[in-house]
Amino acid sequence: MRATAATLLVRCLENEGVSFVFGIPGEENIRLIQALAESEIRYVLTRHEQAASFMAEMYGRVTGRAGVVSATLGPGAINLQLGVADATTNSTPLVALSAQVGHDRNYKESHQFIDLVNLFAPITQWSASVPSAAAIPEMVRKAFKIAETERPGAVYLAIPEDINAGQADPALEPLPRNVPRPEAPAPGQIERAANLLRNSRHPIVLAGHGAARNHATAALVEFAHKLKIPVATTFHGKGAIPDDDPYAIGTIGFMRRDYVNFGFDLTDLIICVGYELQEFDPARVNPDGRKRIIYVHRFPAEVDVHFSIDVGIEGDISASLRALAEAVQPSGGMADPIASAPALLADELEHGRQDNRFPLTPARIVADTRTALGRDDVVLVDTGALKMWMARLYPTYAPNTCLISNGLSTMGFALPGALAVSLALPDRKVLAAVGDGGFLMNLQEIETAVRERIPLTVLIWEDEAYGLIKWKMDLELGRHCDIAFTNPDFVQLAHSFGASGYRIESAEQLLPTLREALAEDGVSIIACPVDYSENLRLTERLGELDAAL
Ligand SMILES: Cc1ncc(C[n+]2csc(CCOP(=O)(O)OP(=O)(O)O)c2C)c(N)n1
């Protein structure tokens with residue numbers, strides 16, 4: 001058999017351990033699609049390239065291995081850009097492949113030609129065009145190495161149609177995979193950090209996405225327990241310390257102050273563990289820029305006037321935490337106001353659980369979602385007011401089990417993302433929590449999930465509006481406009497796709513319906529009316545709390 005460039009490319013993908021490629025074919029990459037069909041890799045045919053890009057992103061997010069998405073040239077490739085940008089801003093490994101016009105016409109105005117390499121450059125870590133079949137082994141290896149190495153992100157490769165359709169030297173082989181290993185922390189940096197810690201009165205840990213990604217939970221828990229230091233997480237770091245750990249004090253990142261801010265008000269030293277500035281503005285926890293900062297991560301920190309680092313420890317995160325814990329004696333323990341934060345959150349959630357009002361309060365939906373899912377099950381939370389409620393209130397017990405986009409904060413990722421998480425983690429239940437706005441941005445993927453027999457449940461928080469924008473307008477302008485819309489009948493819509501459809505008509509129905517839907521082996525859609533009048537009450541309440549301090 002003669003080797004073609006397309007089969008060589010697929011062999012290189014197999015060599016990287018790729019199990020799924022998400023995408024839509026086009027005229028210019030039919031040989032690649034055929035070569036994939038003949039391989040061990042499962043090609044998941046989607047209904048929108050944007051959705052395919054979110055699938056690849058969320059696959060990368062939960063596995064740590066680059067998710068792969070494929071599209072045709074021009075419009076198909078351009079449709080990939082939202083998930084690609086989301087992956088880069090969310091530190092998630094992704095490899096995007098698209099076709100491109102051939103070398104015979106890429107120097108002039110020609111049908112469907114757009115300079116894709118330049119279009120992808122600012123939203124990727126590397127954007128390049130494959131110049132020849134001979135370059136495929138090196139370029140695929142380089143793409144995965146860059147995408148998966150800290151800080152992970154997206155990579156884009158354009159495959160011109162003449163190369164896609166051409167032959168390859170049969171002697172060409174995929175290159176062996178190698179993964180850069182993290183260094184042990186430098187003893188001098190550990191000692192400098194230990195000195196800062198010894199002199200701090202109320203140190204606090206801020207655990208970010210890097211802690212979740214780098215499996216630092218065990219070391220983080222040991223560190224917190226040994227030194228008696230409270231741990232807050234960012235939205236992306238949720239679960240890096242289980243929320244029922246006595247040293248977990250909650251998630252920071254809500255638009256206003258929250259209970260967890262008590263810890264940051266009091267502290268003189270923030271130990272940032274795997275924190276990335278794109279997740280959350282450091283000004284929010286260090287407004288005057290005067291707090292001392294120890295930074296622990298695999299790569300140097302971004303520069304920000306509110307993030308002036310006293311000691312940076314670059315290397316393996318768990319090893320760094322263990323070395324630091326070893327070097328310091330425990331201090332006095334948590335101050336009372338800090339210790340009170342988890343209890344206040346738990347009260348709020350409990351209150352929500354018992355609230356039978358209809359439409360449901362946001363806290364009721366969060367409480368029932370938590371009860372319906374197991375500790376290791378996964379919820380993907382789309383962007384909107386629901387994200388604020390879920391991020392601050394949803395107790396999370398393991399990293400990457402409450403997935404939020406807070407780098408780009410895009411709408412529309414959760415439903416397609418859930419499909420990929422369900423494929424990547426087939427033994428977990430997977431729920432996409434979405435607003436009615438975000439749901440209609442990528443609902444076509446219900447067809448993909450039904451056709452491909454990928455189990456998932458979608459919970460729509462229905463308020464017939466772009467709720468978060470309404471909340472922001474009400475808060476800052478005192479009124480709102482241009483945020484309301486109407487919805488289709490979600491139950492009929494679900495049925496028309498061959499999915500199960502449920503409509504919640506009383507608060508008591510939500511938990512049993514969630515349980516029933518999650519127990520199904522198929523696709524189910526639940527529409528749950530939500531009363532967002534609680535939004536303004538929450539910001540007012542937290543505002544008063546602010547004043548009381
Ligand atoms: C792709 C995209 N478009 C617009 C926005 C701005 N935006 C953020 S939240 C939001 C409203 C979300 O509405 P919905 O999905 O119904 O959720 P809700 O806020 O009502 O809970 C909008 C328009 C965004 N983040 N992403």
Side-chain angles (χ1 to χ4, degrees), residues 48-55 57-58 78-90 123 235-236 253-256 278-280 352 359-366 369 379-394 402-418 431-446 458-477 480-488 490 493 504 510 525-539:
H48 197 304
E49 291 90 349
Q50 183 194 103
S53 69
F54 287 137
M55 291 175 198
E57 181 193 4
M58 288 300 135
I78 291 168
N79 266 349
L80 295 181
Q81 293 211 316
L82 194 53
V84 167
D86 205 46
T88 294
T89 52
N90 289 342
I123 54 170
F235 285 10
H236 284 180
F254 182 59
M255 56 170 115
R256 289 286 190 271
Q278 216 155 12
E279 302 182 50
F280 164 70
L360 283 78
T361 59
R364 171 75 190 236
I365 304 179
V366 177
T369 301
V379 57
L380 295 93
V381 185
D382 215 62
T383 302
L386 78 158
K387 167 168 116 175
M388 295 298 161
W389 285 99
M390 285 289 286
R392 54 183 297 278
L393 266 192
Y394 181 79
C402 178
L403 300 174
I404 291 173
S405 166
N406 218 42
L408 197 63
S409 285
T410 183
M411 292 167 72
F413 83 92
L415 194 175
L431 179 76
V434 298
D436 40 9
F439 176 66
L440 262 82
M441 286 190 176
N442 268 321
L443 73 88
Q444 75 286 344
E445 299 311 321
I446 300 169
V458 181
L459 176 63
I460 306 168
W461 293 42
E462 187 183 10
D463 68 329
E464 300 194 320
Y466 291 117
L468 183 69
I469 312 305
K470 182 176 174 191
W471 190 352
K472 183 103 174 166
M473 282 181 171
D474 286 342
L475 259 181
E476 293 185 10
L477 310 176
H480 54 259
C481 56
D482 295 329
I483 42 74
F485 48 68
T486 60
N487 284 318
F490 289 126
L493 182 91
I504 301 302
L510 180 59
I525 315 288
I526 306 171
C528 179
V530 57
D531 179 0
Y532 272 147
S533 57
E534 283 300 314
N535 291 353
L536 274 181
R537 265 179 230 132
L538 178 73
T539 25

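Atom set for the values below is all heavy atoms of this structure, side chains included, hydrogens, waters and symmetry mates excluded. As the structure is a prediction and not an experimental result, all values here were calculated from the model. For ligands, and for the atoms within them, numbers begin at 1 and follow the listed sequence.
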> If you count the atoms of ligand 1 from 1 in the order shown, which ones are under 4.0 Å from a heavy atom of L386?
Replying inline: 21 (O)
> Name the one of D482, I483, D474 that satisfies side-chain contact (heavy atoms from CB on, under 4.5 Å) with I469?
Replying inline: I483
> Taking N or O atoms only and a 3.5 Å limit, does M441 qualify as a polar contact for ligand 1?
Replying inline: no
> When you measure from atom 21 (O) of ligand 1 to every protein heavy atom, which one gives the shortest distance, and what is it?
Replying inline: Y532 OH, 2.6 Å
>> To the nearest 0.5 Å, what is the distance between CZ on F235 and CG on L403?
In response: 14.0 Å
>> With heavy-atom distances below 4.5 Å as the criterion, would you say the side chains of Y532 and L468 are in contact?
In response: no
> Tell me: protein heavy atom nearest atom 22 (C) of ligand 1, and distance?
Replying inline: M411 SD, 3.3 Å
>> Minimum distance, heavy atoms only, to atom 16 (O) of ligand 1: which one of G384, S409, G437, G467 is it?
In response: G437
> Which atom pair, heavy atoms only, marks the closest approach of G412 to D382?
Replying inline: N-OD2, 2.8 Å
> Any idea which atoms of ligand 1 are less than 4.0 Å away from a heavy-atom of D463?
Replying inline: 20 (O)
>> Side chains of D86 and S405 only: does a donor on one sit below 3.5 Å from an acceptor on the other?
In response: yes
> When only distance counts, is L82 in polar contact with ligand 1, meaning an N/O pair under 3.5 Å?
Replying inline: no
> Which atoms from ligand 1 have a heavy atom of A465 less than 4.0 Å away?
Replying inline: 16 (O), 20 (O)
> When rounded to the nearest 0.5 angstrom, what distance separates CD1 in I123 from CD in Q81?
Replying inline: 4.0 Å
>> To the nearest 0.5 Å, what is the distance between CE on M55 and NE2 on H48?
In response: 11.0 Å
>> As a test of understanding, state which of N535, T361, T369 forms a side-chain hydrogen bond (donor to acceptor under 3.5 Å, both in side chains) with W389.
In response: N535
> Do ligand 1 and D436 have nitrogen or oxygen atoms that lie under 3.5 Å from each other?
Replying inline: yes
> Between I469 and ligand 1, is there a nitrogen or oxygen pair with a distance under 3.5 Å?
Replying inline: no
> What residue and atom, counting heavy atoms only, is the protein's closest point to atom 17 (O) of ligand 1, and at what distance?
Replying inline: G435 CA, 3.5 Å
>> Tell me whether G438 has any N or O atom under 3.5 angstrom from an N or O of ligand 1.
In response: yes
